[in-house]
Amino acid sequence: MKRRNILIALVLILATVTALAQAPNGSGNYYKAANGKKGQALKTAMYDIIHKHTSIGYDGLYEAYKKTDTRPDGYVRDWYSNATNYTHVKDKAGTYKKEGDCYNREHSVPQSWFESYDDASIIKCDIVHVLPTDGYINNRRGNMPLANVGTISDTSKNGYCKWGRCSVNGYTGQVFEPNDEIKGDMARIYFYMATCYENVVAKWSGNATASTVFNGTAYPAYNKWYLDMLMTWSKQDPVDAVEIARNKAVYEVQNNRNPFVDYPRLEEYVWGSKKDHAFSYDNYDSTTPVIPDNPDTPDNPDTPSTTVDFVKVTTNGQIKAGNEYIVVCESKSVAMGTLDGRVMTPVDVTIVNNKVSPSESVVVLTLGGSTGEWSLKGNEGYLISPSTKNMAWTNDEANVWRITNDDGGYTLSTIAGTLQYNSSSPRFTTYTSSQNPAVLYYRTKTDPAMGIKSVKQVKKNGKRIYNLRGQQVKTSQLPKGLYIRNSKKYVVK
């Protein structure tokens with residue numbers, strides 16, 4: 001009898017562990033109360049879950065940063081500068097005259113925007129949005145809104161952050177632009193702020209500067225131009241391992257989480273294309289359905305195509321493990337070819353509308369690994385850069401590459417430097433100095449054997465879409481799979 005009871009207990013424990021494992025990042029049943037909610041109601045349900053958290057106090061932030069914002073080398077993670085090496089607590093706020101003097105506590109939503117309203121003392125020390133940053137750059141930001149800059153007034157070292165006149169349609173004032181690698185993080189912090197403080201966010205528009213961002217409501221909370229920009233930032237800079245680790249550390253410190261980190265693209269369920277879809281805390285779908293670019297004029301299946309064009313990478317969504325890429329210097333119309341000694345030779349290519357049809361001598365690389373630690377596999381092995389101005393192939397997978405969205409496109413770099421093209425000594429290799437930019441192009445295919453066109457984007461134009469059982473489906477609810485439109489087959493990836 002005792003053995004039977006023990007077996008039953010073990011089964012129950014295993015069932016509980018399995019159930020908890022279904023929720024992301026070890027969050028268990030934390031978000032269960034939001035299950036089945038949609039749009040505005042989902043936002044309110046999340047508010048009820050995350051609002052009541054432990055305040056660590058303003059003075060407690062510096063100690064907490066040891067858990068939430070420590071770089072792999074042990075120094076403080078500086079959100080506004082990539083040119084500092086601060087030691088926790090020792091280099092905290094003091095006198096600063098230039099970038100690199102000390103770090104302090106930056107309110108991503110400026111304190112002046114909320115300090116006159118309820119919960120100000122709690123919001124002031126909420127570590128989700130109060131971040132360690134260089135004191136001088138923090139001061140230069142002041143209470144400017146975070147947004148894209150058009151006309152630049154100044155930048156932090158290496159151009160990591162910049163400030164100047166806003167380039168987003170909807171506002172023309174002065175703004176502060178964070179680096180591309182944290183724009184998604186910032187967007188998800190702002191989604192959190194409008195959710196965690198739903199009870200007071202409508203009041204924040206009472207501040208003149210804050211009114212450019214907030215619209216005086218609990219939902220949607222943000223002015224349309226700003227919400228659209230945040231949605232774009234979040235899409236272009238998706239959740240990564242660093243952000244997930246910080247979110248877990250925040251939970252350990254103040255006992256709440258950012259649901260927009262745990263559930264990537266949750267903002268679509270709250271404000272966007274999925275706000276009429278029910279949220280599931282343990283069976284979450286982060287994909288956004290898409291339809292063909294021009295479904296009324298698909299490729300003729302009777303005319304087989306063997307197109308293997310490479311198209312310029314313009315969004316984070318086109319960076320995926322398993323995809324194939326080539327490296328192109330657009331200004332010189334060359335692509336990266338085979339290894340010659342310690343450098344990669346250039347191959348002439350023709351670029352038309354951001355598209356290249358390369359010859360066989362262009363090196364095609366298959367992406368492996370994950371964000372921040374990518375590998376590049378070619379026919380001769382894995383591509384590495386053992387030192388500046390040197391390239392090599394290795395038999396062992398080397399997850400050493402980083403992909404960055406620069407102004408001209410997506411570039412590759414390692415600790416040895418950035419992969420660029422030197423036109424003076426024609427070659428592709430890694431440099432720490434500025435050369436001709438080399439950006440990524442990714443392979444697109446049409447599969448003539450199946451007569452099915454692969455598609456990336458959907459335009460709703462009123463045409464009916466059916467699944468393979470002949471049932472009409474709504475365009476807003478398309479999961480991945482095969483569909484029929486105008487008697488043609490399409491695949492939604």
Side-chain angles (χ1 to χ4, degrees), residues 82-83 152 155 157-160 162 179-181 308-314 318-319 323-369 372-443:
N82 66 353
I152 300 174
T155 73
K157 290 180 180 179
N158 304 315
Y160 189 75
K162 52 192 172 184
N179 190 269
D180 286 347
E181 70 179 11
V308 287
D309 291 324
F310 284 78
V311 179
K312 184 176 181 178
V313 174
T314 57
Q318 294 160 349
I319 303 295
N323 281 4
E324 293 180 329
Y325 301 84
I326 61 174
V327 179
V328 178
C329 174
E330 297 173 312
S331 63
K332 302 300 179 181
S333 295
V334 292
M336 189 176 75
T338 56
L339 183 68
D340 181 9
R342 297 181 179 179
V343 299
M344 312 298 284
T345 58
V347 179
D348 291 335
V349 293
T350 300
I351 305 171
V352 179
N353 295 327
N354 288 333
K355 184 182 292 185
V356 171
S357 298
S359 66
E360 293 183 359
S361 54
V362 173
V363 169
V364 177
L365 300 166
T366 301
L367 194 65
E373 295 180 338
W374 298 109
S375 66
L376 299 171
K377 186 177 182 181
N379 291 334
E380 299 181 58
Y382 292 92
L383 187 66
I384 62 171
S385 178
S387 62
T388 303
K389 301 181 182 179
N390 286 324
M391 305 295 290
W393 296 104
T394 178
N395 292 327
D396 297 322
E397 184 170 7
N399 296 43
V400 297
W401 293 95
R402 178 178 176 183
I403 300 176
T404 304
N405 180 11
D406 293 327
D407 291 339
Y410 283 71
T411 61
L412 291 164
S413 61
T414 70
I415 58 173
T418 301
L419 184 58
Q420 300 176 79
Y421 177 64
N422 184 340
S423 56
S424 299
S425 301
R427 63 187 60 191
F428 284 86
T429 189
T430 52
Y431 293 91
T432 55
S433 60
S434 179
Q435 303 290 330
N436 296 282
V439 298
L440 287 173
Y441 277 56
Y442 74 104
R443 184 194 291 270

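In what follows, residues are counted from 1 in the order of the sequence shown. Because the structure is a prediction, the values reported are computed rather than measured.
- Under the 4.5 Å side-chain criterion, counting only non-hydrogen atoms from C-beta, Ser331 is not in contact with Tyr421.
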Practice item. Please assess Val400 against Tyr382 for the test side-chain contact (heavy atoms from CB on, under 4.5 Å), listing each intermediate value before the final yes or no. Key: CA-CA 10 Å; Val400 297; Tyr382 292 92; over 6 Å; no

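- Note that the CD1 atom of Ile384 and the OG1 atom of Thr394 stand 5.0 Å from one another [nearest 0.5 Å].
- Although no hydrogens or angles enter the test, the distance criterion places no donor-acceptor pair under 3.5 Å between the side chain of Thr404 and the main chain of Asp406.
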Exercise for review: List the steps and the verdict of side-chain hydrogen bond (donor to acceptor under 3.5 Å, both in side chains) for Tyr441 and Glu330.
Suggested key: CA-CA 10 Å; Tyr441 277 56; Glu330 297 173 312; 2.6 Å; yes

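- Listed by chain and number, the residues in a side-chain hydrogen bond (donor to acceptor under 3.5 Å, both in side chains) with Ser413 amount to none (sequence neighbours excluded).
- Atom CG of residue Asn179 and atom CG of residue Asn158 lie 10.0 Å apart, to the nearest 0.5 angstrom.
- Taken from CG in Leu440 to CG in Leu367, the straight-line distance is 8.0 Å, to the nearest 0.5 Å.
- Residues Val313 and Tyr410 approach most closely at O-CD1, 3.4 Å, considering heavy atoms.
- Contact check for Leu412 versus Ile403: side-chain heavy atoms found under the 4.5 Å cut-off.
- For Gly408 against Val439, the heavy-atom pair with the smallest separation is O-CG1, 3.9 Å.
- Residues meeting the side chain to side chain contact (heavy atoms under 4.5 Å, CB included) test with Val343, sequence neighbours left out: Arg427, Thr429.
- From Asn422, atom CG reaches atom OG of Ser433 across 8.0 Å, with rounding to the nearest 0.5 Å.
- Here the closest non-hydrogen pair linking Asn390 and Thr430 is O-OG1, 4.0 Å.
- To the nearest 0.5 Å, atom CG of residue Leu365 and atom CE of residue Met336 are 4.5 Å apart.
- In this structure, Glu373 contributes its side chain and Gly369 its backbone to no donor-acceptor pair below 3.5 Å.
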Practice item. Step by step, work out the side-chain contact (heavy atoms from CB on, under 4.5 Å) result for Leu383 and Trp401. Key: CA-CA 9 Å; Leu383 187 66; Trp401 293 95; 4.2 Å; yes

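- With a 4.5 Å cut-off on side-chain heavy atoms, Thr155 and Tyr160 do not count as touching.
- Residues Leu339 and Met391 share a closest heavy-atom pair of CD1-O, 3.7 Å.
- The 12-atom threshold is exceeded at CD of Glu397, counting heavy atoms of other residues, nucleotides or ligands nearer than 6.0 Å.
- A 6.0 Å sphere centred on CG of Asn395 holds no more than 12 heavy atoms belonging to other residues, nucleotides or ligands.
- Contact of the Ser359 side chain with the Val347 side chain is registered, since non-hydrogen atoms from C-beta on lie closer than 4.5 Å.
- Closest approach of Val363 and Ile326 over heavy atoms only: O-CG2, 3.6 Å.
- Atom-to-atom distance recorded for Gln420:CD and Tyr431:OH is 8.0 Å, nearest 0.5 angstrom.
- Between the side chain of Thr432 and the backbone N or O of Gly417 there is no donor-acceptor pair closer than 3.5 Å.
- Asn436 and Ser423 make their closest contact through ND2-OG, 3.2 Å (heavy atoms, listed as atom of the first residue, atom of the second, distance).
- Contact annotation: the side chain of Trp374 approaches that of Ile319 to within less than 4.5 Å [non-hydrogen atoms, C-beta and beyond].
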